[in-house]
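Here's the structure we're looking at; comments come further down.
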Amino acid sequence: MLARMKTGAVIGAVLVGGTSAALAQEADGPPPILFTNVDVFDGFGPDLIEDANVLVEGNVITQVSTDPIEVEGAFEVDGTGKTMTPGFIDMHQHVMLNMPEGTGSFIARWDEAASGAFAQHHLNQNMLMKGITTIRDIAGDPLDVAKAIDMGLLPGPRIYSSGGAIGQTGGHSDWAARNYPARLLEENQDVGQATQMTWVVDGVDDVTRAARFNFRRGAAFLKVMGGGGVASEFDPLEILGLAEDEAARANEIAKDNGTYVAVHAYFDESYDRHLRLGTRSFEHGFLISEDMVKRMVARYNESQDIVWSFQCYMSVNSFGSYETMPDFFTHEQKLKGVAAGEGVRRMSKWMNEYGMFIVGGSDMFSPGLVEKIKEDIVCPTSVGYTPAQALKHYTGNAGIVLKWSGPKDPYPTYNLGQIAPDSYADILIWDGNPLEDINLILDESKLQLVMKDGRAYKNTMVDTDSIMYRPAVREPGIYP
């Protein structure tokens, strides 16, 4: 239950995200917020820190202690019987591609204005309000949306973006229709490239221009296509993507900018190429061998500079059978998805058994999937991971990888994905213990507080007639 503070209007501003007029009542800004007697999952440890006290000052966590914290003028939040976790971080999102029929409809049926409208709806209602306070957008260009969120003009999670994904003609980033005029493709005039959602490149010079343009736009890292994909039309899963010199140039430019490359791929040959070239974030990989898993784990243990990004729900559930594949996929795309789904259970088991460093990313976009992103957080427990491991993928581990962006980090001041001092105050409070029953995170009534950057966007820890009550409002009739 929320407790004492002097000025009701200021309480509303602090814990409800109230008006600037309310904040103006306190010349020195909002008071500190002290959470007391709360059980804390810090983003890493397998056990809760019981009966802890957590102090938030401004937008940062400044103290976490099992001893009492005394701060004059702090607003106290009684966390007895509640569990605090960091805000969730989705490390594989495509927020600009949420049209009803997937990437193909972005080219053929919807324009960039609709893309932005869909993005903003889902960023707020199906991400932030459900506890996802940061995303890594890993193909697309939501950078102006991110700017508006950072300015306080739109609600939404923090966004780390790769800018447009970089792949070869006929590869996973080539979204134009089969009969699209070659001249327009070469001049980057298809809709995907004209809006910087994707880049179709051929040769080192093309890679150079695309990578540098992404960084000019504000990208935090680069995404390249190292093999075929399910959601694209022309590329079998087995093909290699960017040629070796092209992939090397992407890594060179990323390194020159103090950041890293993430690669989309499924097979050993692609993973081997990118492991040798210095790529750091390995997406998918559901058809790699046990030997390749061992090589990746050995590399991580030696240098701690690579990560595997697990898209569990899509690979295990959506790709689990032909019938469960998204309806907007073609017959050929569904066959590719089923092939990927056949390998994921054994491959993810090896990653767990050998101790790979892992983050979680939903890769869930378009209506019918994006509403269920938190199913991806729960999913690893169906293939042998513990609840603590699953939560760690989406919190502490993810926060470490985000900081690999170095000077390109758009949020460099504090840490992310942790309940610890010098971490952004991205805080969730649950009525229950997700380490005992991770499925409770799927029940939105159990999520009682969503705080991002020290500001509460959802608060149901009080009675409904309180000025501090704030539900996660949803527009009626939209994507039930």
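What's counted below: heavy atoms across the whole structure, side chains too, no hydrogens, waters or symmetry copies.
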Residue pair [X] / [Y], side-chain donor-acceptor N/O under 3.5 Å:
X: W110; Y: S115; answer: no
X: E57; Y: T62; answer: yes
X: W199; Y: N214; answer: yes

Inset, instruction - Check each of D150, D426, D137 against R158 using the salt bridge (charged side-chain N to carboxylate O under 4.0 Å, His left out) test, and report the only one that passes. - result: D426
Legend entry - NZ/K403: more than 12 non-hydrogen atoms of other groups inside 6.0 Å: yes
How far apart are the closest heavy atoms of [X] and [Y], and which atoms are they?
X: V401; Y: M91; answer: CG1-CE, 3.6 Å
X: L449; Y: A456; answer: CD1-CB, 3.9 Å
X: G73; Y: P31; answer: O-CB, 3.5 Å
X: M129; Y: Q125; answer: CB-O, 3.8 Å
X: S405; Y: Y260; answer: OG-CE2, 3.8 Å
X: I358; Y: F310; answer: CG2-CB, 4.0 Å

Legend entry - M351/M296 under side-chain contact (heavy atoms from CB on, under 4.5 Å): CA gap, chis, key distance, verdict: CA-CA 9 Å; M351 287 288 190; M296 292 185 67; 3.9 Å; yes
Can any side-chain N or O of [X] pair as donor or acceptor with the backbone N or O of [Y] at less than 3.5 Å?
X: D42; Y: I49; answer: no
X: E342; Y: S321; answer: no
X: S173; Y: G167; answer: yes
X: T259; Y: G406; answer: no
X: K130; Y: I441; answer: no
X: R470; Y: N459; answer: no
X: D409; Y: Y411; answer: yes
X: K452; Y: G131; answer: no
X: S423; Y: I419; answer: no
X: Q311; Y: S309; answer: yes

Inset, instruction - Describe, in one word, how the ring planes of H264 and H284 are oriented to each other, choosing from parallel (under 30°), tilted (30 to 60°) and perpendicular (over 60°). - result: perpendicular
Inset, instruction - Report the relative orientation of the aromatic rings in F118 and H122; use parallel for angles under 30°, tilted for 30 to 60°, perpendicular for over 60°. - result: parallel
Spacing of [X] atom [atom1] and [Y] atom [atom2] [to the nearest 0.5 Å]:
X: Q93; Y: S162; atom1: CD; atom2: OG; value: 12.0 Å
X: T386; Y: K392; atom1: OG1; atom2: NZ; value: 9.0 Å
X: M96; Y: S161; atom1: CE; atom2: OG; value: 9.5 Å
X: D376; Y: H393; atom1: CG; atom2: NE2; value: 10.5 Å

Legend entry - Close side-chain approach of F319 to V338, heavy-atom, < 4.5 Å: no
Legend entry - side chain to side chain contact (heavy atoms under 4.5 Å, CB included), paired with P434, selected from L391, V378, L442, N439: L391
Legend entry - Residue that, paired with L123, satisfies side chain to side chain contact (heavy atoms under 4.5 Å, CB included) out of N98, L154, V95, V370: V95
Inset, instruction - For residues F221 and Y160, establish whether the separation of their ring centroids is below 6.0 Å. - result: no
Inset, instruction - Considering only NZ, NE, NH1 and NH2 on the basic side and carboxylate oxygens on the acidic side, decide whether R217 and D141 come within less than 4.0 Å. - result: yes
Legend entry - Note: R136-E283 ion pair, threshold 4.0 Å (strictly below): yes
Inset, instruction - Give the C-alpha distance, both sets of side-chain angles, the deciding distance and a yes or no for salt bridge (Lys or Arg N to Asp or Glu O under 4.0 Å) between E444 and K374. - result: CA-CA 10 Å; E444 297 306 322; K374 288 198 290 190; 3.0 Å; yes
Inset, instruction - Could you go through the side-chain hydrogen bond (donor to acceptor under 3.5 Å, both in side chains) check for T83 and D39 one step at a time? - result: CA-CA 5 Å; T83 301; D39 296 335; 5.0 Å; no
